[in-house]
Colleague: 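Encoded as structure tokens, here's the structure I'll be asking about.
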Amino acid sequence: MSSAHEHPKADIALRVKAIESLLVEKGIVEPAALDTIIDAYEHRIGPHSGARIVAKAWTDPAFKQRLLADGTGAIAELGLTGFSSEHMVVVENTPAVHNLIVCTLCSCYPWAILGLPPTWYKSFAYRSRAVIDPRSVLQEFGLEISEQVEVRVWDSNADLRYLVLPERPAGTEGMTEEQLSVLVTRNAMIGTAKVDSPKSERVASEAAP
Amino acid sequence: MKLQHHIGGLEGLDPINFETKVFVEPWEKRIFGIHTAMMALSNHLGESRPNYPIGQVPTQFKSFWTWGHLRMGAEGMNPFEYFRLRYYEKWLGGISGFFVEEGYITQEELDARTAQYLEDSEAAPLPSGGDPAIDDQLLKYLTEGDSPLRPSTDTPKFSLGDRVRVKQVLSGDHTRLPGHIRGRAAEVVKVYEGAFTYFFPTADGIGTPMPVYSLAFKATDLWNKALTDDNMVYYNDIFEVYLEAL
């Protein structure tokens, strides 16, 4: 193992390959099964699910009400619950409140709704700083939150998982649920971004009859 | 004190590095896949919610493996190793150690295979294929999950609006109570319906079904005013055993 420190990257890759090959040989792990899991999270499960929930909440006030009262139940209506999102709480951004999601103890995140967490979400800097000085963290993401706006930080340490319902941007009146869902980004649903208004030429073309 | 439990509020860290990728190196996908497959085939799933027909799934993996086991491994590390290693490298260490400990493989085998690949990374190519019944279980697990919610048996000790104090617990091998809220006062802002179990009992008292509360802490009750701001509220979901009346 002494060589681990000489070629760290190559060596880790080979150590993973070594354990995988032994586990495959002994029938404990099946390569096709690993491919199935990786493929699911690379191509099927991801922030587009969360974006669907947000867009529906923006266009369907009764759904939004149910979503904020019982996230788990409302998300189940859309068939989007799943592993690591068994119990969901949805928190709403308003002109007076900005919400931010973090996990200080590890990297808890609503996998079924947002996919796997980006690397920065798992970093020590984010986990540590988001809970003490969120405004400066948000500034690094390019988001200025005025001192008049209350920042609420949600640390996921039990088995509830969180989704931020961002504010619907101006200039989206008349857009369909599907058009809206394209605007919603992963960071907006973690709380490290707002949803931008669509580019003006796009609104013009889409608003045209 | 275990440094791993005291990440919140550490000073002197760098600005956020905006690496947005989920997997930075290809090997990270493989160890992620192994861990997730282990969770999806864990022997406790026959008695979970939902209960899976795990006994009929044709897998040689017959052990108990959950998030709790992975987290416990990371919390048991030398803290300086914990900070040095890449995220998925910690997974690799915990998972390799588990397979050796459970007797599926030996350390000698693992070292020999690693040495072989180090000499020739194309030696012993990975086979492909597998039993579709295993895939079915994995996909079912990704869709249905493993809920800790159980019918509630006792009335929750605390109610909406109560002021409570977080206990100073001895964490033992594994905890779900971060260091920065221990000993601090908070307000109960939600009592979740039902009772929440944990994958296994921990020395600090979770693992039997119990109420969980959403607690609100004023940032200035947690941190020095100079380091935080007045217009911030910090929330965390806390198991009842970690709380006492104020």
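In this text, all values refer to a predicted model and were calculated from it rather than measured experimentally. In what follows, chains carry the letters A, B, and so on, assigned in the order in which the sequence lines appear, proteins first and then strands, with residues in each chain numbered from 1.
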Colleague: Could you tell me which portion of B:Tyr104 (side chain, backbone, both or neither) has an atom closer than 4.5 angstrom to a non-hydrogen atom of chain A?
Modeller: both
Colleague: Is it the backbone or the side chain of B:Lys190 that comes under 4.5 Å from a heavy atom of chain A, or both, or neither?
Modeller: side chain
Colleague: Given the rule in the side-chain hydrogen bond (donor to acceptor under 3.5 Å, both in side chains) test, do B:Thr175 and B:Asp204 qualify, once you have shown the distances and angles that lead to the verdict?
Modeller: CA-CA 7 Å; B:Thr175 188; B:Asp204 69 358; 2.5 Å; yes
Colleague: Need one label for B:Phe217: side chain, backbone, both or neither, based on atoms under 4.5 Å from any heavy atom in chain A.
Modeller: neither
Colleague: So that I can tick it off, tell me whether A:Lys17 and A:Glu20 are bridged by a salt bridge, with the cut-off set at under 4.0 angstrom between side-chain N and carboxylate O.
Modeller: no
Colleague: Let me know if B:Tyr141 has heavy atoms under 4.5 Å from chain A in its side chain, its backbone, both or neither.
Modeller: both
Colleague: Which answer fits B:Asp14, side chain, backbone, both or neither, if we ask what part of it has an atom under 4.5 Å from a heavy atom of chain A?
Modeller: backbone
Colleague: So which part of B:Leu222 gets closer than 4.5 Å to some heavy atom of chain A, the side chain, the backbone, both or neither?
Modeller: neither
Colleague: Less than 4.0 angstrom from a charged side-chain N to a carboxylate O is my criterion; do A:Arg135 and A:Glu147 meet it?
Modeller: no
Colleague: With only heavy atoms counted, which part of B:Arg71 is less than 4.5 Å from chain A, the side chain, the backbone, both or neither?
Modeller: side chain
Colleague: In terms of heavy-atom proximity below 4.5 Å to chain B, should A:Glu140 be classed as side chain, backbone, both, or neither?
Modeller: both
Colleague: Less than 4.5 Å to any heavy atom of chain A: does that hold for the side chain of B:Ala219, its backbone, both, or neither?
Modeller: neither
Colleague: With a 4.5 angstrom heavy-atom cut-off, which part of B:Tyr213 approaches chain A: side chain, backbone, both or neither?
Modeller: neither
Colleague: Tell me, for A:Thr192 versus chain B, whether the close heavy atoms (under 4.5 Å) come from the side chain, the backbone, both or neither.
Modeller: neither
Colleague: Is chain A contacted by the side chain of B:Val24, its backbone, both, or neither, given a heavy-atom distance below 4.5 Å?
Modeller: side chain
Colleague: Against chain B, label A:Val24 side chain, backbone, both or neither, depending on which of its atoms sit under 4.5 Å from a heavy atom there.
Modeller: side chain
Colleague: I'd like to know if B:Lys2 and B:Glu75 make a salt bridge, using a cut-off of under 4.0 Å between side-chain N and carboxylate O.
Modeller: no
Colleague: Relative to chain B, which segment of A:Leu23 carries a heavy atom at a distance below 4.5 Å: side chain, backbone, both, or neither?
Modeller: side chain
Colleague: With a 4.5 angstrom heavy-atom cut-off, is it the side chain or the backbone of A:Glu30 that approaches chain B, or both, or neither?
Modeller: both
Colleague: Please classify the contact of B:Met38 with chain A as side chain, backbone, both or neither, using a heavy-atom distance under 4.5 Å.
Modeller: neither
Colleague: Give, as side chain, backbone, both or neither, the part of A:Phe141 having an atom under 4.5 angstrom from any heavy atom of chain B.
Modeller: both
Colleague: Go through the atoms of B:Ile7 and report whether side chain, backbone, both or neither lie under 4.5 Å from a heavy atom of chain A.
Modeller: both
Colleague: Side chain, backbone, both or neither: which part of B:Leu139 has a heavy atom under 4.5 Å from chain A?
Modeller: side chain
Colleague: Side chain, backbone, both or neither: which part of B:Leu138 has a heavy atom under 4.5 Å from chain A?
Modeller: side chain
Colleague: Answer yes or no: is there an ion pair linking A:Arg66 with A:Glu77, defined by an N-O contact shorter than 4.0 Å?
Modeller: yes
Colleague: Measure A:Val102 against the heavy atoms of chain B and call it side chain, backbone, both or neither at under 4.5 Å.
Modeller: neither
Colleague: Under 4.5 Å from any heavy atom of chain B, what part of A:Gln148 do you find: side chain, backbone, both or neither?
Modeller: backbone
Colleague: Who wins among B:Phe61, B:Phe23, B:Trp67 for the most heavy-atom pairs under 4.5 Å with chain A?
Modeller: B:Trp67
Colleague: Tell me, for A:Ala33 versus chain B, whether the close heavy atoms (under 4.5 Å) come from the side chain, the backbone, both or neither.
Modeller: both
Colleague: Less than 4.0 angstrom from a charged side-chain N to a carboxylate O is my criterion; do A:Asp35 and B:Arg30 meet it?
Modeller: yes
